[in-house]
Protein chains: 2
Amino acid sequence: MIGIKRLAEHLNISIGTVSRALNGRPDVNDETRRRVLEAAAELGYVANQSGRNLRQGNTNAVGFMIESGADTAGNSDNFFLGVIDGVQHVLARHDLDLLVLPCPGDENPSQYLQRMVSRRAVDAMIISATHRVDARIDLLTKARLPFIALGRSTSGGNVYPWIDLDFEGVANRAIDRLVAKGHRRIAVGLPSNDINLGFIFLDGIKGALKRHKIRFDPSLIIRAASTEQGGYQITHEVLAMKDPPTALVLVYELMAIGAYRRLGEAGMTPGKDFAVIGFRESPLAKFLQPALTCFRMSLRDLGIGLGESLLAVMPPYADTYPQGLVNKIWPMELVPGESDAFTRKG
Amino acid sequence: MIGIKRLAEHLNISIGTVSRALNGRPDVNDETRRRVLEAAAELGYVANQSGRNLRQGNTNAVGFMIESGADTAGNSDNFFLGVIDGVQHVLARHDLDLLVLPCPGDENPSQYLQRMVSRRAVDAMIISATHRVDARIDLLTKARLPFIALGRSTSGGNVYPWIDLDFEGVANRAIDRLVAKGHRRIAVGLPSNDINLGFIFLDGIKGALKRHKIRFDPSLIIRAASTEQGGYQITHEVLAMKDPPTALVLVYELMAIGAYRRLGEAGMTPGKDFAVIGFRESPLAKFLQPALTCFRMSLRDLGIGLGESLLAVMPPYADTYPQGLVNKIWPMELVPGESDAFTRKG
DNA sequence: CGGTGCCCCGAAAACGTTTACGAGTCAACT
DNA sequence: AGTTGACTCGTAAACGTTTTCGGGGCACCG
């Protein structure tokens, strides 16, 4: 309620001096600064963000765009909450606030982003769930707004700042593991939309198969919604094949839950009659019986990485953060379970 | 990049007229308005939010505070994403944007909220996961910021605007169902923190037991984290009792997953040797085997209700929304499953 | 005693927008 | 013809802050 004006006249000081005192400028007497800070705390003064934004043209806030259409998430626990926690941990060091901008399910993501960007409500953006071609990347580069993407894309000539999970590594280790156990026909469950991780993951699979000199069979690639339902459906299709595979690799842990369910209905046990490897370890995946073989990472650390990489491309902070963080493949650690214990006799 | 000034001189018109034309004021010629809108679209003009905020003292945005410390969520799917979708649907009708404000796990929620409020970054707030005594409610009323809470609280004299789930109804129907099947010793799993829904749910349980003339046994009330792990632990304690109950009611669906797991380890089957009733139906709960008896609601509708009730207490919109929505118990629909099919011989 | 430099502060402009006020035009009515 | 009113628009103030500029002290040095 109280502004810098009232604070100034309460102290019999000009507003300029008050502003300088509050912002830690050097050219103000120590005693004066002490009085100002004391009075500010006493009267509960806090700077009006709009006035500050208008004057200095920035907002001290960064946006994190997510999509509130829940289906696209595909994560069993609150993936974003974990990541956000890490991002905030970094931003807090510089008094930057994080605003989550949820794109409504019925709105075009690029248009929504455009609106948010042109409103100048944030100094930088984090976008996630990048698609194979993603207009948001061109939009942000054109607007010259610092940003970082969680996920690669073919847009922007792949020269924009991003961090992405190690889908190739996961695909390779999953295939290696299955091949070592004698599997040759391995199905892969991918998301049905054009989110880029599906393509990257598939490339990783193809590379691994070629390395093992196994012919790639496109009919073993099955796409479905990145949900339990999707995993159920994928498994259903797999089991109905004339020449069914003996193993299944899934790119979302939610899919694994559906897969377990469908296998159970068929009287099969994961890791006994059929091998399943999931993607990300999550509290829920941990409760699958038998334990799901999957891959682990720290959501919070990922958030910290995102935050630091973002700061590295924001002019006011760029010098304190190494530029090397701007592009990064985020490693994931294998968590061996029982779901792929099945050794194919062959 | 382009401001109203440039737009005005490009049209040889005063900036006042441009502003009036853009804001739909009546005192501007139709032809002039057409030209302004056309030029604005062509040059990609969009109002600087900071300038507008500063002038008219509001932000055309409402905040939704959540806690990014993931543990408190207790929901298996992305609960908030569903609710947010509904809220946005309502707000969009009035050109209001929604900002999600995630309180960092290591920061005091009230202090965080205080910061956000005094920055005047939002015109109104939605808070969730209210605690039994919740300083945020007093804070918001004192700041005279319109708000609505998802959840009741004893703070604020219970005269603040809220919407809350029908925990009493759920508790009563759960107990009714179990008693009708002959159960007399019924355990209840509650969250271990002081989130208010735990207390309300417990009151509902007590009332229902009294109605059935069953003595309330405090040792059957078990508190744990609102996670799968918590449900596992609760079930573990229940099974270890000297005089174990025959049924368990849980206030989070995530707990049910842990309960199933622990029962399985004990060689027991839900709905056969032991009755389990969960709380909210979710995509994941649907995949439990046997089907979990739980309660259903539409997250999106809840969000719509929240949004409308919020608008009802925001001065600029209060007239278009009925005041009756301001306090509301949100109904939930019973979804019968097999997890409580077990009829106790008694 | 004049010049120089430093420390601290006040005055005022500027950010982009909205809006109160008044003025100009023109038609219509008395 | 004078008055009224409707319609349209330009002028300028205001929102709260930051920041540039310059000036008044004061000490120090020549």
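For the numbers below, each heavy atom of this structure counts, side chains included, while hydrogens, waters and symmetry mates do not. Here is how names work: the chains are called A, B, and so on, in the same order as the sequence lines, proteins then strands, and each is numbered from 1. Computed from a predicted model, the values in this text were never measured in an experiment.
Using a 4.5 Å cut-off on side-chain heavy atoms (C-beta onward), A:Pro146 and A:Pro315 make contact. Contact check for B:Lys328 versus B:Ser309: no side-chain heavy atoms found under the 4.5 Å cut-off. A:Leu43 is not listed as a side-chain neighbour of A:Arg6, based on a closest heavy-atom distance of 4.5 Å or more. Residues B:Leu311 and B:Arg93 fail the side-chain proximity criterion, which asks for heavy atoms closer than 4.5 Å.
Between A:Asp164 and A:Arg152, at least one side-chain N (NZ, or NE/NH1/NH2) sits under 4.0 Å from a carboxylate O, which counts as a salt bridge. A salt bridge links B:Arg34 and B:Glu31; the closest N-O separation between the charged side-chain nitrogens and carboxylate oxygens is under 4.0 Å. A salt bridge between A:Arg25 and A:Asp27 is absent, with no side-chain N of the basic residue lying under 4.0 Å from a carboxylate O of the acidic one.
Rounded to whole Å, the distance from NZ on A:Lys5 to C1' on D:dA13 is 11 Å. Whole-Å rounding puts the A:Ile15 CD1 to C:dA12 C1' distance at 9 Å. Rounded to whole Å, the distance from CZ on A:Arg25 to P on C:dC7 is 16 Å. Rounded to whole angstrom, the span from the CG atom of A:Leu54 across to the C1' atom of C:dA13 amounts to 13 Å. Between the P atom of D:dT19 and the CD1 atom of A:Ile4 lies a distance of 11 Å, rounded to the nearest Å. In this entry the distance linking CG of B:Leu22 with P of C:dT19 reads 13 Å, nearest Å. The distance from atom CG of B:Asn12 to atom C1' of D:dG10 is 13 Å, rounded to the nearest whole Å. Regarding A:Asn53, its CG atom lies at a distance of 14 Å from the P atom of C:dT17, rounded to whole Å.
A side-chain donor-acceptor contact under 3.5 Å links B:Asp123 to the backbone of B:Asn60. Panel note: side chain B:Ser19, backbone B:Ile15; no donor-acceptor pair is recorded below 3.5 Å.
Checked against the 6.0 Å centroid threshold, B:Tyr321 and B:His94 count as a close aromatic pair.
Between its opening and closing five pairs, the helix from C:dC1-D:dG30 to C:dT30-D:dA1 changes axis direction by 60°, a value rounded to 10 degrees.
The CG atom of B:Leu7 lies 6.5 Å from the CG atom of B:Leu22; values are rounded to the nearest 0.5 Å.
Residues from residues 55-62 of chain B with heavy atoms under 4.0 angstrom of DNA chain D, sorted by number: B:Arg55.
Here A:Gly16 lies in heavy-atom contact (under 4.0 Å) with a base.
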For nucleotides 5-9 of chain D, which of its nitrogen or oxygen atoms have a protein nitrogen or oxygen under 3.5 Å away, and what is each distance?
{"from": "D:dC9", "atom 1": "OP1", "to": "B:Thr32", "atom 2": "OG1", "distance (Å)": "2.5"}
{"from": "D:dC9", "atom 1": "OP2", "to": "B:Asn29", "atom 2": "N", "distance (Å)": "2.9"}
{"from": "D:dC9", "atom 1": "OP2", "to": "B:Thr32", "atom 2": "OG1", "distance (Å)": "3.4"}

